[in-house]
Amino acid sequence: MRKLSRLSRFNVASLALGLAFLYLPILILVIYSFNASRLVTVWGGWSLRWYHELFNDRAMIEAAWMSLRVAVSSATIATLIGTLAAVALSRGERFRGRTLFSGMLYAPLVMPEVITGLSLLLLFVALNAERGFWTVTIAHTTLTMCFVAVVVQSRLGSLDRSLEEAAMDLGCDPVRAFVAVTLPLIAPAIVAGWMLAFTLSLDDLVIASFTTGPGSATLPIRIYSEVRLGVKPEINAICTLVIALIAVVIVIASLASKLSSSQGESAAPL
Amino acid sequence: MSARRIFARPARLAAIAPYVWMVLFFLVPFGFVLKISLSQTAIAQPPYEPVFDLMAGWGALKTAFAALSVDTFRLLASDDIYLFAYVRSLTVAVTATALLLLIGYPIAYGMARLPARWQAVAMVLVIVPFWTSFLIRIYAWINILQHDGLLNQILLALHLVSQPVVWLSTDSAMYIGIVYSYLPFMILPLYATLAKMEPALEEAASDLGAPRWQVFWLVTFPLSLPGVGAGVLLCFIPIVGEFVIPDLLAGSNSLMIGQTLWLEFFTNKDWPVASAAAIVLLLVLLVPLLLYERLQKRQLEQGR
């Protein structure tokens with residue numbers, strides 16, 4: 001009798017190599033952002049020099065501000081509409097046009113971004129809409145609400161429906177049952193959905209490039225145009241700041257979802 | 001049971017806002033892509049000649065349809081540049097997806113074998129890079145791969161090469177970038193199926209005398225095929241339309257279709273050709289897209 005050991009040396013090695021592959025490049029970038037030397041690859045000691053230069057780069061600051069505004073507003077709208085879509089898909093059973101509805105919700109998840117960006121730009125041009133903050137926000141909302149819908153829908157699907165039914169048996173109308181019982185239970189998924197929408201919007205280059213107008217570049221558009229001209233140490237600094245911001249968002253959101261899920265559990269027996 | 005029905009009505013009403021939004025900002029825009037792809041190129045603002053006006057009524061519509069221009073599609077078919085771009089996109093996507101499978105499988109396999117508590121940690125560790133900006137991750141590789149970058153410094157220090165190797169603007173750099181960016185998309189579905197697998201099956205095969213590679217090839221791998229399919233499609237489809245990674249890491253001599261579309265649109269301002277290229281790209285992707293949808297449906301049904 002020969003038992004397979006659960007974890008072989010090969011498993012450990014491939015896992016360690018895989019994680020190193022995923023993390024080392026980011027780590028190297030963060031370390032080099034504190035490099036005093038102008039040459040990106042020569043180590044000249046620790047320094048905050050590039051962060052100083054970054055804060056004097058008006059165009060970069062404006063792009064970052066634009067990106068943050070777009071990310072917050074599009075993530076918020078996407079969370080509202082995406083949650084509604086998830087509710088309709090998982091609780092609405094059958095309704096007219098359901099196939100088209102779910103098709104439209106899933107398609108942007110896999111479609112190449114160039115196509116989504118191009119089609120939205122053609123719409124905005126046809127509507128004669130001035131391109132800038134709102135057009136990018138609308139474009140990002142369209143893309144990210146699909147992700148929100150998927151995240152929230154999977155949580156709704158795993159929920160015990162007898163809780164909702166009990167609330168209605170006790171005299172709640174469906175809307176109140178949803179607000180009092182279902183909503184607290186799916187709150188972690190809604191938070192996760194917002195977070196996903198926020199980071200996706202912050203990250204997007206292709207769709208934003210198509211839908212924004214002159215003079216309102218987002219951060220990825222700025223970074224992209226700088227990177228194409230060659231490596232500059234300021235870019236390491238801005239990238240490190242973005243990584244830090246996303247890390248903070250992840251920590252806050254995971255704390256929030258932990259909090260709301262424990263609240264949901266304590267509220268349920270009441 | 002009746003409570004379920006009562007719940008269904010307001011839930012259906014919840015569909016209204018997202019439905020209207022998606023029709024307005026997803027379906028209608030496609031109509032525009034289709035319309036403009038069938039228009040004539042023109043030097044104007046906007047740079048195309050409208051072919052028909054819905055407001056003009058039936059008669060106008062009929063004559064418009066008679067005069068519908070397929071010139072842009074004819075151009076796409078006749079110009080080698082586009083053909084090469086589509087072929088190159090598909091070649092790159094196939095190669096990159098194969099590499100991803102080769103690299104992602106052992107990692108997912110290792111994850112699935114960890115003790116349960118560590119599996120959750122490993123999963124978070126795989127997902128976190130996905131949250132950091134994808135442009136930043138590509139940029140991190142430019143830092144490493146450039147002429148006097150870290151990779152060349154290490155290779156020189158180890159005396160593995162005598163001169164700096166040109167990495168940037170090569171296909172190898174592009175494949176590194178693509179594999180790096182899409183690795184989580186390959187690992188996660190693979191891990192999901194491998195973790196669900198019954199270890200007793202592998203143990204039984206091994207007890208019956210199968211050597212390790214046979215256990216893997218005859219038991220583990222066939223059982224993980226749904227995960228392989230999901231991972232392959234999840235990577236393949238977006239890589240075909242990839243634009244940023246080849247633009248920043250690959251050389252400029254042969255373009256993928258995403259880049260061609262971008263250039264046509266922004267540099268040449270040929271909107272009809274760009275639209276037609278987008279439609280052909282969609283048609284190329286339709287098969288894998290439909291496959292992906294079927295696979296997902298089947299997995300959902302199995303999950304229930």
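Within every chain, numbering begins at 1; the chains are lettered A, B, ... in the order of the sequence lines, protein sequences first and strands thereafter.
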Engaged part of B:V240 at the chain A interface, taking heavy atoms whose separation is under 4.5 Å: neither
Minimal non-hydrogen separation, A:I138 against B:W21, with atom names: O-CZ2, 3.8 Å
pair A:M145-B:P18: side-chain heavy atoms closer than 4.5 Å: yes
Heavy-atom side-chain proximity of A:C146 to B:M22 below 4.5 angstrom: yes
Residue B:L183 versus chain A: region with a heavy atom under 4.5 Å: side chain
Side-chain touch A:I238/B:I136, heavy atoms, less than 4.5 angstrom: no
Pairwise side-chain contact, B:L285 with A:M111, heavy-atom cut-off 4.5 Å (strictly under): no
Partner of A:F210 under ring-ring contact (aromatic ring centres under 6.0 Å, His included), chosen from B:F265, B:F243, B:W271: B:F265
Chain B contact via A:T240 - side chain, backbone, both or neither, heavy atoms under 4.5 Å: neither
Residue part contacting chain A, namely of B:L24, when any heavy atom lies under 4.5 Å: backbone
Side chain, backbone, both or neither of B:L289 within contact of chain A (heavy atoms, under 4.5 Å): side chain
Any B:Y109 side-chain heavy atom under 4.5 Å of A:L15 side chain: no
Aromatic ring pairing B:W141/A:F21, orientation class (parallel under 30°, perpendicular over 60°, tilted between): tilted
Check: B:F32 and A:S119 side chains under 4.5 Å, non-hydrogen atoms: no
Pairwise side-chain contact, A:L120 with B:F26, heavy-atom cut-off 4.5 Å (strictly under): no
Any side-chain heavy-atom pair of A:I28 and B:N143 under 4.5 Å: no
